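Structure record follows, encoded as structure tokens.
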Amino acid sequence: MKPINISEKLALFSSHWDPHVVSDYNDNDVMVVKFKGEYPFHKHETTDDFFYVLEGEMIMDIEGKPSQVVKAGELFVVPKGVVHRPRAETEVKVLLIEPKGEPNSGDSDREPAPKPRI
């Protein structure tokens, strides 16, 4: 048990769409990720998708609904089974919480990220 400096963890990598585990919470991975551009539309059948924007601005596209802008200090939860796509025009830094073993790619054709621990 010790404090985790999220800024220090984010400074350890520069890649996009590459979540890094910084802590465990029950049976979940707490991760940080940077991204720019758009991720493919996908869904997670058995879990909600949690996004907390640390820096920047994220746009969440939800199939059949208007896009939602999520700014620094705001969180967005996509309910399980909902088709969605996160994207950002400029780099955004986000904290994610997902069950251990859940592929970040959901049901898309994109290869899941390995989620290294830092």
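If you're wondering where the values come from, they're calculated on a predicted model, not measured in any experiment.
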Qualifying residue, where the test is salt bridge (charged side-chain N to carboxylate O under 4.0 Å, His left out) with K43 and the options are D107, D48, D49: D107

Connected via hydrophobic side-chain network under 4.5 Å: W17 and F50: no

Donor-acceptor under 3.5 Å (N104 side chain, A113 main chain): yes

Sub-4.5 Å side-chain heavy-atom contact between Q68 and I59: no

Full working for side chain to side chain contact (heavy atoms under 4.5 Å, CB included) between I6 and V22: CA-CA 8 Å; I6 298 296; V22 297; 4.2 Å; yes

Cluster overlap V77 with V32, hydrophobic side-chain contacts below 4.5 Å: yes

Any S105 side-chain heavy atom under 4.5 Å of Y39 side chain: yes

Cluster check I118, Y52: I/L/V/M/F/W/Y, side chain < 4.5 angstrom: yes

Under 3.5 Å: donor-acceptor pair, side chain of K36, backbone of E89: no

ILVMFWY cluster, V92 and V69 together (side-chain gap under 4.5 Å): no

Verdict with supporting geometry, L10 and K34, side chain to side chain contact (heavy atoms under 4.5 Å, CB included): CA-CA 8 Å; L10 283 162; K34 298 175 185 179; 4.0 Å; yes

Pair R85 + E38, salt bridge at N-O below 4.0 Å: yes

Transitive ILVMFWY side-chain link V82 to M58, under 4.5 Å: yes

V30 vs L95, side chain to side chain contact (heavy atoms under 4.5 Å, CB included): CA-CA, chis, key distance, verdict: CA-CA 7 Å; V30 178; L95 183 128; 4.0 Å; yes

Heavy-atom pair with the smallest gap, counting every atom of M60 and F76: CG-CE2, 3.5 Å

Any donor-acceptor pair under 3.5 Å from N26 side chain to N28 backbone: no

Any donor-acceptor N/O pair, E74 side chain to K71 backbone, under 3.5 Å: yes

Taking every non-hydrogen atom, the tightest pair across P116 and D18: CD-OD1, 4.2 Å

Pair V94-L54, side chain to side chain contact (heavy atoms under 4.5 Å, CB included): steps then yes or no: CA-CA 5 Å; V94 178; L54 300 164; 5.9 Å; no

Test: K100 and E102 ion pair at under 4.0 Å: no

H20 and F13 aromatic ring geometry - parallel, tilted or perpendicular at 30°/60° bounds: parallel

I62 side chain near V83 side chain, heavy-atom distance below 4.5 Å: no

Shortest non-hydrogen separation from I4 to S23 and the atoms involved: CD1-CB, 3.5 Å

Side chain to side chain, P103 and E98, heavy atoms closer than 4.5 Å: no

Heavy-atom side-chain contact between D29 and I97 under 4.5 Å: no

Within 6.0 angstrom of D27 CG, more than 12 heavy atoms from elsewhere: no

Mutual orientation of the aromatic rings belonging to H84 and H42 [parallel < 30°, tilted 30-60°, perpendicular > 60°]: tilted

L96 vs F51 side-chain heavy atoms within contact, under 4.5 Å: yes

Chi angles and distances behind the salt bridge (Lys or Arg N to Asp or Glu O under 4.0 Å) call for E63, K65: CA-CA 6 Å; E63 189 175 66; K65 301 204 181 257; over 6 Å; no

